[in-house]
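So the structure is just underneath, and the comments pick up after that.
Numbers here are sequence positions counted from 1. These numbers come from the heavy atoms of this one structure, side chains and all, not from hydrogens, waters or symmetry mates. What you are looking at is a predicted structure, and each value in this text was computed from that prediction instead of being measured.
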Amino acid sequence: MPKLLLQMGSVFKSFVSLLGIFLLGMITVGFFLPRESEFSVTKTISANPEKVFSMVIDLKNWEQWSPWRAYDPNIKMIYSENTQGKNAWYSWEGNKRVGYGKLTITDYEANSEIETLLNYENQLPAKGSFRFIPVENGTAVTWTIEVTGVNNPIAAKFLDGYRYTMMKFFLGKDFGKGLENLNQVCQ
């Protein structure tokens, strides 16, 4: 029996050592990851700024191009009385992939810019924006999100890098798909 206890103690020490090395490695890598709080995707849409702007400023139109509709066709949407312009909002509740939340238009400049506030599940609110710049073949649309990081400055040193990397990985695909859908709807 004592020999078995010695072997279990040795396994436990090895496990704790490996766990410590893993955690130290994760913290070290976190210090070298980019610590951006903002992420953007830009795409040229083959339509004039007025048409593209009208598809984004009216939140009902998002049903036609939102990348998240494909993840849950049965998503439940609730809209404010006025679905376009300042203070227009929609809330949603869907499957695990889309979750629940509320998006509000906080400000806009016609055919140029739309600012939003996203409240997603139990996370801190995130500011977002759409910028519309006329270009030769249509409109360059930049979709941006700014996420608040960790309030603890010590934890932020390594956690914000992971947050940005995850945001870029997951939202990059969705924003790109959404802008591609927007391009198709605008043509």
Side-chain angles (χ1 to χ4, degrees), residues 34-94 97-149 151 160 163-164 166-187:
R35 284 182 201 80
E36 302 292 327
S37 62
E38 187 175 282
F39 175 73
S40 299
V41 174
T42 301
K43 177 162 181 56
T44 298
I45 307 294
S46 302
N48 63 44
E50 294 80 14
K51 183 169 187 171
V52 181
F53 180 85
S54 70
M55 289 304 296
V56 180
I57 194 70
D58 188 339
L59 298 176
K60 277 276 196 179
N61 290 337
W62 286 43
E63 293 180 19
Q64 298 175 51
W65 61 268
S66 169
W68 299 291
R69 301 273 311 166
Y71 298 153
D72 184 0
N74 299 317
I75 192 170
K76 295 174 189 156
M77 306 286 290
I78 298 172
Y79 294 92
S80 58
E81 189 173 320
N82 180 15
T83 61
Q84 52 185 304
K86 189 172 182 173
N87 297 323
W89 57 267
Y90 76 86
S91 62
W92 74 94
E93 187 174 334
R97 185 130 188 225
V98 297
Y100 61 90
K102 181 178 180 181
L103 180 107
T104 305
I105 296 175
T106 57
D107 206 0
Y108 72 95
E109 185 177 325
N111 305 319
S112 177
E113 178 180 0
I114 298 171
E115 294 179 7
T116 63
L117 184 66
L118 173 66
N119 289 289
Y120 181 71
E121 296 189 346
N122 295 320
Q123 298 178 20
L124 293 171
K127 293 179 182 179
S129 67
F130 291 86
R131 306 267 189 275
F132 308 89
I133 299 172
V135 294
E136 186 176 326
N137 297 325
T139 306
V141 179
T142 300
W143 189 356
T144 302
I145 188 165
E146 181 182 333
V147 178
T148 305
N151 289 333
D160 283 354
R163 180 186 45 79
Y164 175 77
M166 289 174 52
M167 181 172 60
K168 185 175 179 180
F169 178 77
F170 291 107
L171 289 180
K173 292 177 186 176
D174 289 345
F175 280 22
K177 180 65 175 162
L179 292 176
E180 181 58 41
N181 294 346
L182 183 60
N183 186 42
Q184 291 174 6
V185 168
C186 288
Q187 290 181 357

Let me see the working for I114 and F53 under side chain to side chain contact (heavy atoms under 4.5 Å, CB included), right down to the final yes or no.
CA-CA 8 Å; I114 298 171; F53 180 85; 3.4 Å; yes
As a quick check of understanding, evaluate side chain to side chain contact (heavy atoms under 4.5 Å, CB included) for L117 and K127, giving each step before the final call.
CA-CA 5 Å; L117 184 66; K127 293 179 182 179; 4.3 Å; yes
Please list, one pair per line, the donor and acceptor atoms closer than 3.5 Å that link side chains of residues 134-143 to other protein atoms, with sequence neighbours excluded.
{"from": "T139", "atom 1": "OG1", "to": "A47", "atom 2": "O", "distance (Å)": "2.7"}
{"from": "T142", "atom 1": "OG1", "to": "T42", "atom 2": "OG1", "distance (Å)": "2.8"}

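Distance CD1/I133 to OG/S112: 7.5 Å, rounded to 0.5 Å. Rounding to the nearest 0.5 Å places OG of S54 at 8.5 Å from CG of N48. Interatomic distance, CG of N87 versus OG1 of T106, reported as 8.5 Å (0.5 Å rounding). To the nearest 0.5 Å, atoms CD (E146) and OG1 (T116) are separated by 10.5 Å. Atom CD of Q64 is separated from atom CD of Q184 by 12.0 Å, given to the nearest 0.5 angstrom. I75 CD1 to R97 CZ: the interatomic distance, rounded to the nearest 0.5 Å, is 12.0 Å.
Side chains of M55 and L182 form a contact here, defined as non-hydrogen atoms less than 4.5 Å apart. Counting heavy atoms from C-beta outward, S46 and N183 have side chains that approach closer than 4.5 Å.
Every residue two or more places apart in sequence or in another chain that forms a salt bridge (Lys or Arg N to Asp or Glu O under 4.0 Å) with K43 is listed here: E180. For the ring-ring contact (aromatic ring centres under 6.0 Å, His included) test, no residue two or more places apart in sequence or in another chain qualifies with W89. The side-chain hydrogen bond (donor to acceptor under 3.5 Å, both in side chains) test applied to R69 returns no partner, not counting sequence neighbours.
Smallest separation of non-hydrogen atoms from I45 and C186: CG2-CB, 4.0 Å. Scanning both residues, V56 and W62, for their nearest heavy atoms gives O-NE1, 2.8 Å.
Identified under the side chain to side chain donor-acceptor pair (under 3.5 Å) test for residues 74-83, with sequence neighbours left out: D58-T83, E63-Y79. The stretch residues 108-120 participates, sequence neighbours left out, in these salt bridge (Lys or Arg N to Asp or Glu O under 4.0 Å) pairs: E113-R131.
Taking the six-membered ring for Trp and the full ring otherwise, W92 and Y71 have centroids separated by 6.0 Å or more.
A 6.0 Å sphere centred on OH of Y90 holds more than 12 heavy atoms belonging to other residues, nucleotides or ligands.
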